Structures are given as C-alpha cells and as structure tokens.
Amino acid sequence: MRPPFRSAQAVIINAPLEAVWAFSMDITKIPEFHPRVVKVELLSGKALREAGVSYQCFLSGGKHTCVEKDIEVLPMQRIVTVLPEDTFGISKIWPDYLVETTFHRVGQSSTKVEINHYYSTPTLKAKLLNLVAKRRIASDTQATLNAAKSAIETAQAELCV
C-alpha cells in the first residue's frame with residue numbers, strides 16, 4: 001500500500017517522450033540537472049534505471065549523501081524510487097518515503113514530467129519535519145525538474161543543428 005500523497009511538481013519539456021525517457025533512465029546524468037547533487041556512485045554497478053538498482057547521491061557542500069533505489073520502472077510511463085538511507089535522517093523519520101516520476105506525451109514533440117511525493121507522518125517528529133521540509137522538498141523538486149527541462153531541451157536543440 002502506498003503512503004499518503006504529500007506534493008506534486010510538474011514541467012512540460014519541449015522534447016519527445018522517447019528523448020525525455022532516455023535522458024531520465026541514465027543515472028549518471030543526475031549531477032547534470034539536479035542542483036544539489038555533485039556526484040553519483042552506482043551501488044548496483046548499473047548506469048541505467050531498472051527495478052532493484054541503487055545509487056548514492058553526494059550532495060553539494062560535501063557533508064550529506066542519500067541512497068536511492070528504483071523499485072519500479074514502467075518504460076515510457078513511470079519510475080518509482082525509495083530512499084532507504086540518508087545522512088539527513090529523513091529515511092529514519094519517514095521510512096516509507098516514496099517518489100513517483102511519471103511521463104506523459106503531450107502532442108508529438110513535448111512531454112509532461114510529474115514528480116509525486118508520498119510518505120507517512122505517524123509520529124510528532126515526522127509531523128514536525130513535514131511542516132518544516134514540505135515546501136523545501138517541493139521547491140527543490142521543481143528546481144530539479146526545471147534544470148532537467150533545460151538540459152534535455154538543450155540536447156535536443158544540438159541534435160537539430
């Protein structure tokens with residue numbers, strides 16, 4: 001059973017679904033578009049997403065990391081990721097934290113990408129963290145989507161030249 005829905009952020013990328021999907025499948029590209037990730041270590045030894053693949057993100061500033069694991073990859077439609085470990089303590093407070101990224105074709109040359117966040121807040125500490133972090137999570141996620149949009153659209157423009 002999925003934990004409660006908490007927030008959604010979305011962007012329309014001016015590129016075909018196939019190009020957006022291919023870019024999103026490559027875990028090594030995360031530092032190219034995620035404003036807070038400077039390096040990714042492939043814990044499973046695989047650079048492409050699939051169910052069961054884990055990777056560690058090293059965040060800017062050098063103090064923090066998080067491990068993410070893809071638990072479902074439905075081609076051209078959805079990637080579901082969990083956060084089994086991190087140095088912020090989020091995975092201990094929200095052990096069921098889940099992120100679902102969906103992809104939808106919009107016409108022939110655009111794609112809507114939406115990121116939904118789900119987690120339970122059973123304890124007072126979890127509720128307080130939600131109050132403090134919910135806006136930051138939404139803001140950081142939107143910044144990530146906007147940067148991915150820019151990277152994908154730039155790559156598509158270079159293909160057309």
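Being a predicted model, the structure only gives us computed values, none of them experimental.
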**Message:** As a quick check of understanding, evaluate salt bridge (Lys or Arg N to Asp or Glu O under 4.0 Å) for Glu18 and Arg105, giving each step before the final call.
**Reply:** CA-CA 9 Å; Glu18 294 77 11; Arg105 188 180 309 275; 2.8 Å; yes
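Each of Tyr118, Tyr119, Phe88 was compared with Tyr97 under the ring pair (Phe, Tyr, Trp, His ring centres under 6.0 Å) criterion, and only Tyr119 meets it.
Panel note: side chain Arg49, backbone Ser24; a donor-acceptor pair is recorded below 3.5 Å. Of the possible donor and acceptor atoms, none in the side chain of Asn116 sits under 3.5 Å from a partner among the backbone N and O of Ala8. Side-chain N or O atoms of Lys134 include one that pairs as donor or acceptor with a backbone N or O of Arg6 at under 3.5 Å. A distance-only check finds a donor-acceptor pair linking the side chain of Ser44 to the backbone of Ser54 [under 3.5 Å]. No side-chain donor-acceptor contact under 3.5 Å links Ser139 to the backbone of Arg135. Formation of a donor-acceptor pair under 3.5 Å by the Gln9 side chain with backbone atoms of Glu114 is not found in this model.
Looking only at side-chain heavy atoms (C-beta outward), Val53 and Ile27 come within less than 4.5 Å of each other. Taking 4.5 Å as the limit, every side-chain heavy atom of Val80 sits out of range of all side-chain heavy atoms of Asp70. In this structure, Ser91 and Pro84 have side chains that are not in contact, with every pair of non-hydrogen atoms separated by 4.5 Å or more. Counting only heavy atoms from C-beta outward, the side chains of Trp94 and Asn130 approach each other to under 4.5 Å. For the pair Lys125 and Thr123, the minimum side-chain heavy-atom distance is below 4.5 Å. Looking only at side-chain heavy atoms (C-beta outward), Lys29 and Phe23 come within less than 4.5 Å of each other. Side-chain contact between Glu41 and Phe58 is present, with heavy atoms from C-beta onward closer than 4.5 Å. Residues Thr81 and Ile79 are in side-chain contact: their nearest non-hydrogen atoms beyond the backbone lie under 4.5 Å apart.
By the 4.5 Å side-chain criterion applied to Ile, Leu, Val, Met, Phe, Trp and Tyr, Leu43 is assigned to a cluster that also includes Val67.
With sequence neighbours left out, the salt bridge (charged side-chain N to carboxylate O under 4.0 Å, His left out) criterion links Glu153 to Lys149.
Applying the salt bridge (Lys or Arg N to Asp or Glu O under 4.0 Å) test to residues at least two apart or on different chains, none of the pairs has a partner in residues 55-68.
Enclosure of atom NZ in Lys92 is not indicated, since only 12 or fewer non-hydrogen atoms of other residues, nucleotides or ligands lie within 6.0 angstrom.
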